[in-house]
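A, B, ... follow the sequence lines: proteins, then strands. Residue 1 opens every chain. Scope of the values below: all heavy atoms of this structure, side chains included, with no hydrogens, waters or symmetry mates.
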Protein chains: 2
Amino acid sequence: MSDRPGLRERKKAKTRALIQKEALRLFREQGYAATTVEQIAEAAEVAPSTVFRYFATKEDLVIVDQFPPFVEALDQVPPEVPPIRAVRMAMRAMIEAQTPQERADSLDREVLMLTVPELWAASIDNVTGVATTLRERLAAREGRPADDPGIRNVTGAIMGVMVGVWTDWVNNRDLDAPAHLDAALAHLEAGLPLPRP
Amino acid sequence: MSDRPGLRERKKAKTRALIQKEALRLFREQGYAATTVEQIAEAAEVAPSTVFRYFATKEDLVIVDQFPPFVEALDQVPPEVPPIRAVRMAMRAMIEAQTPQERADSLDREVLMLTVPELWAASIDNVTGVATTLRERLAAREGRPADDPGIRNVTGAIMGVMVGVWTDWVNNRDLDAPAHLDAALAHLEAGLPLPRP
DNA sequence: TATCTTTTGAGAGTCTACTCTCAAAAGCAT
DNA sequence: ATGCTTTTGAGAGTAGACTCTCAAAAGATA
């Protein structure tokens, strides 16, 4: 009854990964809209219909739900830690848990998502889902109702600051994104002071 | 040489407005994706090709650039006012300058944009444009470079808080959006305190 | 009214994501 | 090897956004 995946399963996983890899490469090289599913199929050496068997829509080739690990990390931060600091810590923990390869891949994918409007659209459910979950968790931590405006504002500000860092990073890939993210959250935590010269 | 618009021009404007009005109605009633351009044409009693003559894409039926008035309002706030407060004041000024009808219409359109992923995508250029402009103006006000991380964080937080209010409002249209927006910015201005029970 | 210009409708045509069907191929179990 | 199940490829088909063309309609001009 040992069920280590059989050849069939392994092959499926391989095909799936290959299709996605080729798709991302083509998207990067010629743009998302300019790449047809047919081209992807050809690059991955499968039939177009096979592509759709693995990914229901073209957009699904890019979208990944990266959130669960973050929530886990957040849940491990002791509840007396205030919200923004908790998010900061969870963020760090998550990033440190990734291998450099994983980190590079996920950042890569994020660039695509932030850069291509269609993808940003397709992932919006994801993003609002993240915001909602984050809000619920933070509310729970603080012993407040989920619809508390204060919690909503904190969550919004966190998301906004993160998007700010991302976009900066998209425009300048040399930036150390994790470090900037941490610094930005620290700044937010301090109440966003802007000392005048 | 007086050129008050002739009949032709007036008719064009009317047709354009009618098409857009019918489109928005249909989008509201049956959803964006479920509404075909053919239906819009039929509702507006024009040929489908006419719809495309007025609006290059289906998305263009919804998208409007609402930002310039806000920038103007912001520029009128004296430079010694700190950024978040300045935004707050500009926001208020802008809202108060609208007629109730205009206000209702623009809020209506915003719901659509926030609700329908395709539209959110189509307007993303607009949104990032807003963020960029806002960032530049705030940087100028504070006498800092446009790429200052502190300014980026403030801008991001402002945008994030605003989106938070919008989404709350989408889920509960009875909310007094302008009031909530103002309160949220005030909260942000105060450094997002969350006193524990 | 007669002529010139602009706008419109009709409709055929393109492109591409996505669906469906069915038979061939490939892994699987005995 | 033999039959059973799953996966695949081939290919035809649909839908809907968007394009193009051309002749008819309508506004402008004199």
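Between B/K14 atom NZ and D/dA26 atom C1' there is a gap of 14 Å when expressed in whole angstrom units. Taking atom CD on B/Q39 and atom P on D/dC18, their separation rounds to 15 Å, with Å as the unit. Atom-to-atom, CD of B/E38 to P of C/dA10 comes out at 12 Å; the value is rounded to the nearest Å. Rounding to whole angstrom units, CD of residue A/E42 and C1' of D/dA10 are separated by 15 Å. Protein atom CD1 of A/I40 is 11 Å distant from nucleotide atom C1' of C/dA17, rounded to whole Å.
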Point to revise | Protein proximity profile, nucleotides 24-30 of chain C - base contact B, sugar-phosphate-only contact S, no contact -, cut-off 4.0 Å on heavy atoms | key: --BBS--
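Counting only heavy atoms from C-beta on, A/V37 has its side chain closest to C/dA17 among D/dT8, D/dG9, C/dA17.
For B/K58 and D/dC18, the shortest distance from a side-chain N or O to OP1 or OP2 is not below 4.0 Å.
The cationic atom of A/K58 (NZ for Lys, CZ for Arg) does not lie both less than 6.0 Å from the six-membered ring centre of A/F52 and within 45° of the ring axis. Cation-pi geometry between A/K12 and A/Y54 is not met: the NZ or CZ atom fails to fall both under 6.0 Å from the ring centre and inside 45° of the normal.
Against DNA chain D, the stretch residues 49-57 of chain B makes heavy-atom approaches under 4.0 Å through B/S49, B/F52, B/T57.
Distance check, rounded to the nearest 0.5 Å: CD1 of B/I151 to CD of B/E136 gives 11.5 Å.
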